[in-house]
Amino acid sequence: MSMTDCEFEADLDPETGFPRIRYNFDNGWTASMVMHMGISTTRSMHASVAAWPTGKAGPGFIEQLTELGADEAISWIFAIRQRSDVRREAA
């Protein structure tokens with residue numbers, strides 16, 4: 001399955017106002033990337049990423065990394081997509 005086979009959403013992070021993309025993967029995981037923008041520019045120097053079991057965002061469920069470069073952020077999100085199905089592990 002490719003990244004284009006999952007549902008995704010885009011909005012602005014309510015805490016920072018920076019662009020955010022959220023991916024809802026078929027393996028039961030959700031991953032999010034917030035791109036940290038410079039003042040008066042559309043360029044991003046780094047991103048924050050997070051992942052959690054879909055529908056369970058909250059304390060104890062979220063994994064988060066900050067200040068990743070473009071390659072690191074995309075690689076981390078792809079690794080979340082490659083994880084085994086979290087719903088089968090919970091059963």
Side-chain angles (χ1 to χ4, degrees):
M1 175 181 286
S2 70
M3 291 277 280
T4 58
D5 292 334
C6 67
E7 294 182 34
F8 64 94
E9 312 168 60
D11 63 3
L12 298 177
D13 181 66
E15 292 181 24
T16 64
F18 294 141
R20 174 175 63 182
I21 299 174
R22 191 174 309 118
Y23 304 90
N24 300 304
F25 295 114
D26 288 340
N27 63 357
W29 284 95
T30 295
S32 176
M33 178 171 62
V34 175
M35 294 167 282
H36 298 266
M37 313 301 282
I39 298 172
S40 302
T41 182
T42 57
R43 297 173 126 183
S44 179
M45 297 307 291
H46 65 274
S48 296
V49 292
W52 58 90
T54 301
K56 295 186 178 183
F61 289 105
I62 295 177
E63 300 172 35
Q64 186 171 356
L65 298 172
T66 59
E67 297 191 21
L68 300 180
D71 289 340
E72 294 171 305
I74 294 301
S75 293
W76 195 82
I77 288 172
F78 186 72
I80 299 301
R81 167 59 195 97
Q82 298 298 97
R83 287 184 177 180
S84 59
D85 194 315
V86 70
R87 297 162 293 198
R88 279 189 237 147
E89 291 174 4

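- Residues Arg20 and Pro14 have side chains in contact (heavy-atom distance under 4.5 Å, counting atoms from C-beta outward).
- Cluster annotation: Leu12 is not connected to Val34 through the hydrophobic network of ILVMFWY side chains, with a link wherever side-chain heavy atoms come within less than 4.5 Å.
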Q.
His46 vs Thr66, test: side chain to side chain contact (heavy atoms under 4.5 Å, CB included). Steps then yes/no.
A. CA-CA 8 Å; His46 65 274; Thr66 59; over 6 Å; no
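- Between Phe25 and Arg81, the shortest heavy-atom distance links the atoms CD2-CD, 3.2 Å.
- Listed by chain and number, the residues in a side-chain hydrogen bond (donor to acceptor under 3.5 Å, both in side chains) with His36 are Ser48 (sequence neighbours excluded).
- Atom-to-atom distance recorded for Leu65:CG and Trp76:CH2 is 5.5 Å, nearest 0.5 angstrom.
- Annotation: the span from Ser32 atom OG to Phe8 atom CZ amounts to 13.5 Å, rounded to 0.5 Å.
- Counting all heavy atoms, side chain and backbone alike, Glu63 lies closest to Arg83 at OE1-NH2, 2.7 Å.
- With values rounded to the nearest 0.5 angstrom, Glu9 atom CD is found 5.5 Å from Asn24 atom CG.
- Closest approach of Trp52 and Ala50 over heavy atoms only: CZ3-CB, 3.9 Å.
- Under the rule for a side-chain contact (heavy atoms from CB on, under 4.5 Å), the partners of Met37 that lie at least two apart in sequence or sit in another chain are Phe18, Pro19, Met35, Thr42, Ser44.
- The shortest heavy-atom contact between Pro53 and Phe61 is CD-O, 3.8 Å.
- Between Gln82 and Asn27, every side-chain heavy-atom pair lies at or beyond the 4.5 Å cut-off.
- Asp11 places a side-chain heavy atom less than 4.5 Å from the side chain of Arg22.
- Nearest heavy atom pair, residue Gly28 against residue Val86, reads O-CG1, 3.2 Å.
- Remark: Asp71 CG is loosely packed, at most 12 non-hydrogen atoms of other residues, nucleotides or ligands lying under 6.0 Å away.
- Residues Ala31 and Ile80 share a closest heavy-atom pair of CB-CG2, 4.2 Å.
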